[in-house]
Amino acid sequence: VGRQAHRTVVDLEASILAKNDERAARNRAWLAGRETLAINLMSAPGAGKTTLLERTIHDLAKEQQLFVIEGDQATANDGERIRDAGAPVVQVNTGTGCHLDAEMVARGLNELKPPARSLVIIENVGNLVCPALFDLGETAKVAILSVTEGDDKPIKYPHMFRAAALILINKIDLLPHVDFSVEKAVGRAREVNPGVEVMTLSARTGEGLAAWYGWLAARRAATGATMGL
Ligand SMILES: Nc1nc2c(ncn2[C@@H]2O[C@H](COP(=O)(O)OP(=O)(O)OP(=O)(O)O)[C@@H](O)[C@H]2O)c(=O)[nH]1
Ligand SMILES: [Mg+2]
């Protein structure tokens with residue numbers, strides 16, 4: 001009986017992930033059909049996802065409209081911050097859930113209705129574990145690690161840092177006050193994800209943000225190029 005119950009749990013997990021992957025594939029096709037770049041922004045709680053988005057919306061206001069899907073267990077606080085910063089936003093509350101899934105993103109996109117060739121950023125629930133396991137149909141995953149979390153996190157939570165196309169080390173304005181080696185963090189990130197691009201920045205002071213904006217612009221150009229634009 002024990003073995004049977006175990007098997008049922010394993011089957012259920014596999015079926016949840018299979019259903020999610022199928023929905024994610026439909027999101028990906030929907031985004032591709034609209035030549036839209038979608039970034040899944042992930043980090044531990046408080047690493048600076050919303051702060052980076054507020055700053056990005058502000059700094060790119062003249063050249064690039066951002067559309068945002070905000071994931072949090074509870075409250076509309078981050079959604080309100082994004083709206084105040086000037087971007088269309090849909091807030092998704094996951095309740096007890098520790099991550100967004102592809103169905104939530106499908107509903108978010110349906111409500112947000114980004115026009116063709118948009119840039120959509122999905123702020124995932126603050127968590128270093130669960131979000132890495134769920135494909136949302138995004139074009140790329142970006143992970144933020146802030147210097148107050150410790151330079152050992154990439155090897156302790158390898159799935160998130162392995163899945164990321166880009167790792168942003170945030171809050172570098174605090175480096176003089178914390179015991180964090182950028183060199184060690186980058187080395188550990190590349191232990192789990194060889195060759196991954198890493199940038200250091202401060203969403204507060206703006207240091208390093210030009211490289212992030214350059215990365216976004218290059219990804220947008222590549223999204224168009226692969227679609228024959
Ligand atoms: N010193 C410093 N503080 C920062 C920086 N970026 C964000 N913060 C602060 O870190 C705290 C958390 O920032 P948020 O942007 O809310 O973090 P988040 O990742 O969106 O948090 P959750 O949505 O709860 O997961 C806030 O007090 C920010 O002001 C930075 O570059 N430097
Ligand atoms: Mg946030």
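When a ligand or atom number is given, it counts from 1 through the structure's own listing order.
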> If you link I, L, V, M, F, W and Y whenever their side-chain heavy atoms are under 4.5 Å apart, who else ends up in the same group as L52?
Replying inline: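 ILVMFWY cluster around L52 also holds L37, I39, L41, L53, I57, L60, L66, V68, I82, V89, L119, I121, V142, I144, L166, L168, M199, L201, L209, W212, Y213, W215, L216.
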Does an N or O from [X], backbone or side chain, lie closer than 3.5 Å to an N or O of ligand 1?
X: G48; value: yes
X: G46; value: yes
X: L174; value: no

> Protein heavy atoms: any of them under 4.0 Å from atom 26 (C) of ligand 1?
Replying inline: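 It does not: no protein heavy atom is found less than 4.0 Å away from atom 26 (C) of ligand 1.
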> Do you see a protein non-hydrogen atom under 4.0 Å from atom 21 (O) of ligand 1?
Replying inline: yes
> Of all N/O/S atoms in D78, which lies nearest to the Mg ion (ligand 2)?
Replying inline: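 Considering only N, O and S atoms, D78 comes nearest to the Mg ion (ligand 2) through OD2.
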> Which residue supplies the protein heavy atom nearest to atom 10 (O) of ligand 1, what is that atom called, and how far is it?
Replying inline: K171 NZ, 3.0 Å
>> Considering non-hydrogen atoms of the protein only, which is the closest contact for atom 6 (N) of ligand 1, and what is the distance?
In response: N170 ND2, 3.2 Å
> Counting only heavy atoms not in D11, do more than 12 sit closer than 6.0 Å to its CG atom?
Replying inline: yes
>> Taking CD in E63 as the centre, count heavy atoms belonging to other residues, nucleotides or ligands within less than 6.0 Å. Is the count above 12?
In response: yes
> Contact between E54 and ligand 1, counting heavy atoms under 4.0 Å?
Replying inline: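 It does not, in that no heavy atom of E54 comes within the 4.0 Å cut-off of ligand 1.
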>> Under 4.0 Å, counting heavy atoms only: does I144 come that close to any atom of ligand 1?
In response: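 No, I144 has no heavy atoms under 4.0 Å from ligand 1.
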>> Are L17 and F134 packed together at the side-chain level, in the sense that at least one heavy-atom pair is separated by less than 4.5 angstrom?
In response: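 When only atoms from C-beta onward are counted, F134 and L17 do touch, with a gap below 4.5 Å.
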